[in-house]
Amino acid sequence: MSSELRSNFLRSQIQADLKQGNVNELVTRFPPEPNGYLHIGHAKSITVNFGLAEQFGGRCHLRFDDTNPEKESQEYIDSIQEDVQWLGFRWSGDVRYASSYFQQFYEWALHLIDAGLAYVCDLTVEEARDYRGSLTEPGRNSPYRERSPVENRDLFEQMRAGAFEDGARVLRAKIDMASPNINLRDPILYRVRHAHHHQTGDAWPIYPTYDFAHGQEDAIEGITHSICTLEFEDHRPLYEWFLDKLPVPHRPRQIEFARLNTSYTVTSKRILKQLVDSGTVAGWDDPRMPTIAGLRRRGYPAAAIRHFCEEVGTSRSDSVVDVAMLESAVRDHLNHHAPRAMCVMDPLKVVLTNVEAEEQLTLANHPSDASQGTRLVPFSSEVWIDKEDFREEANKKYKRLVLGKRVRLRGAYVIEADSCDHNERGEVECVYARIIPKTLGEDPEDGVKPKGVIHWVSAPAGVKATIRHYDRLFTVPNPAKSDDVLSVVNAASLREIHSAVIEPALVNAASEAVFQFEREGYFVADRYDHSAARPVFNLTIGLRDVWGQQGD
RNA sequence: UGGGGUGUCGCCAAGUGGCAAGGCAGCGGGUUUUGAUCCCGCCAUUCGCAGGUUCGAAUCCUGCCACCCCAGCCA
């Protein structure tokens, strides 16, 4: 394990287990149920499980916990595998399925029955709820609790054979209806469900519950540390009860950690679905969505997401991480890796009255990383600059182009504005300026330095592009707490402009390539919509902007 | 108020009896052909509260308080 990694209770525990010889090799697993798309919270779990295995030279399995077929589908299985791989992790061996172990689970259920530790119960859902008691009152024994092992075996075999209707009977563990831990009040092991399963087809009319499956899955796979979230803590005694009572080949151990919560973000499947169904967002991979697919389409690099998950740490205390921390990780990564380019969002023409021939300038792709190379940027007598970068007059704090003043065109010449035209509404329509000779890579010879630097694009060579500006999806830090989530959706979370102009080299941007548009932010060539014929870039994240916060 | 957890800076989070790491955010200043980056500095005499043990306590003990999870044939 590299020493720069922050210590946490998981690493300490694993280190101790390895040192004391409790385990020889760390084996973890990421066990999603394929019933939806993965989101940022899953990214944390993935980073924890795969990351730990990597750091300790162990292995991590990808296992689909597919014990409830009605909610699951192949579509989700595919997307989950794609997301895990995109995040940069590789699972050990083949993808695993809980459903591969159904026969073993069935035999183990018979084992419990024969040992008098499980029984078939005919109580209805409502009756069972009543018999379960409450948080403060003990439950009562089911009238079917004392059926003989022989009768239970017969009934359970009939359940398996498909003799009963959905919900007619269940198999329950015989533990303790008075346990203060409700999970131990004769939990259900199997339910009758005549449902088609995406992996096992129609082979099974009964399906095991999470509790009866998970620990045994871990045991079969030789998982040493079964890491899950805090809400399963109360299930641990049950997890261990099964391992105690069954002839399992291995003894895994469950350890819980606090799930990741991020401010201004919602990860509830119900709400995410609501956003999609209401048309609030364009789909599960809308760049505003906290899904892995959404973050990806937004241009958030996998490495930045992983780094963020590592940075926030892993503990057992409930917390809400400021989403600014995720954004910071994204900016940090992109600052180092994204090539620079220029894009004018709101074009204003500048005529350079003393420029005649067009020339090709060679600009560095990155200000401090020469290995990223250079590119050709055409410079002409007419260039576009952003409307925000010109004022007829301004105070000293304004570091852009002003009539009678100078500014540097990024990577090109210093220019001085002489005059401008207005349209019928009085708006500036065109600026006339001159380049100061010999200022390519040099300060003006007369010693009058420009106030600032602005980005630009050659008017004849620039290409129109669609730019999608994204902002936070919600206006409040904890949207899930709102009665009506849709009412706290940020109406301005997407602003699409079609009149932006990009430098020509950008037309050939590869799908999903992220650039820093200088002085604007990081933008990604849309995974699906971008093409040379119709360039489309999504705002990944803006640059930090002290000026923008202060105003002028 | 049954059981299980958690409380260290605005937000995360190390720390496991010997002078309270780090990151994010924020605030100053410097560099800069991105108002970015980068660099420098500031930012918890105090660890939910109250007692106690100890030469010494965020760390040990006792008692409180607050918040989270559990009563699916979901996971």
Measure distances between side-chain N and O atoms of [X] and base N and O atoms of [N], and say whether any donor-acceptor pair falls under 3.5 Å.
X: R400(A); N: G35(B); result: yes
X: R331(A); N: U37(B); result: no
X: R408(A); N: U33(B); result: yes
X: Q516(A); N: U34(B); result: yes

Starting at the 5' end of RNA chain B and moving along, which residue's nearest nucleotide shows up first, T314(A) or G441(A)?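 Taking each residue's closest nucleotide, the earlier one in sequence belongs to T314(A).
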What interatomic distance, in whole Å, is found between C1' of U59(B) and the corresponding atom of C40(B)? 35 Å
Can Y210(A) be classed as stacking with the base of A75(B), given a centroid separation cut-off of 5.5 Å and a plane angle cut-off of 30°?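 Y210(A) vs A75(B): stacking no.
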Could you go through nucleotides 68-71 of chain B and list every protein N or O atom that sits under 3.5 Å from one of its N or O atoms, giving the distance for each pair?
from, atom 1, to, atom 2, distance (Å)
C68(B), O2', D318(A), OD2, 3.3
A71(B), O2', R132(A), NE, 3.0

With syn defined as a glycosidic angle within 90° of 0 and anti as the rest, where does G72(B) land? syn
Sole residue of R172(A), R145(A), R132(A) in side chain to side chain contact (heavy atoms under 4.5 Å, CB included) with L123(A):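 Exactly one pass, corresponding to R172(A).
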Give none if G2(B) has no partner; otherwise give the nucleotide forming a Watson-Crick or G-U wobble pair with it, both distances under 3.5 Å.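 With both distances under 3.5 Å, G2(B) matches C70(B).
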Taking atom CD of E126(A) as the centre, does the number of heavy atoms from other residues, nucleotides or ligands within less than 6.0 Å exceed 12? yes
Polar-atom pairs under 3.5 Å, protein N or O versus N or O of nucleotides 19-24 of chain B: list them with distances, or write none.
from, atom 1, to, atom 2, distance (Å)
G23(B), O2', E311(A), OE1, 3.1

List every contact pair, protein side and nucleotides 39-44 of chain B side both N or O, where the distance is under 3.5 Å.
none

Ignoring the backbone of T136(A), work out which of G2(B), G15(B), A36(B) is nearest its side chain. G2(B)
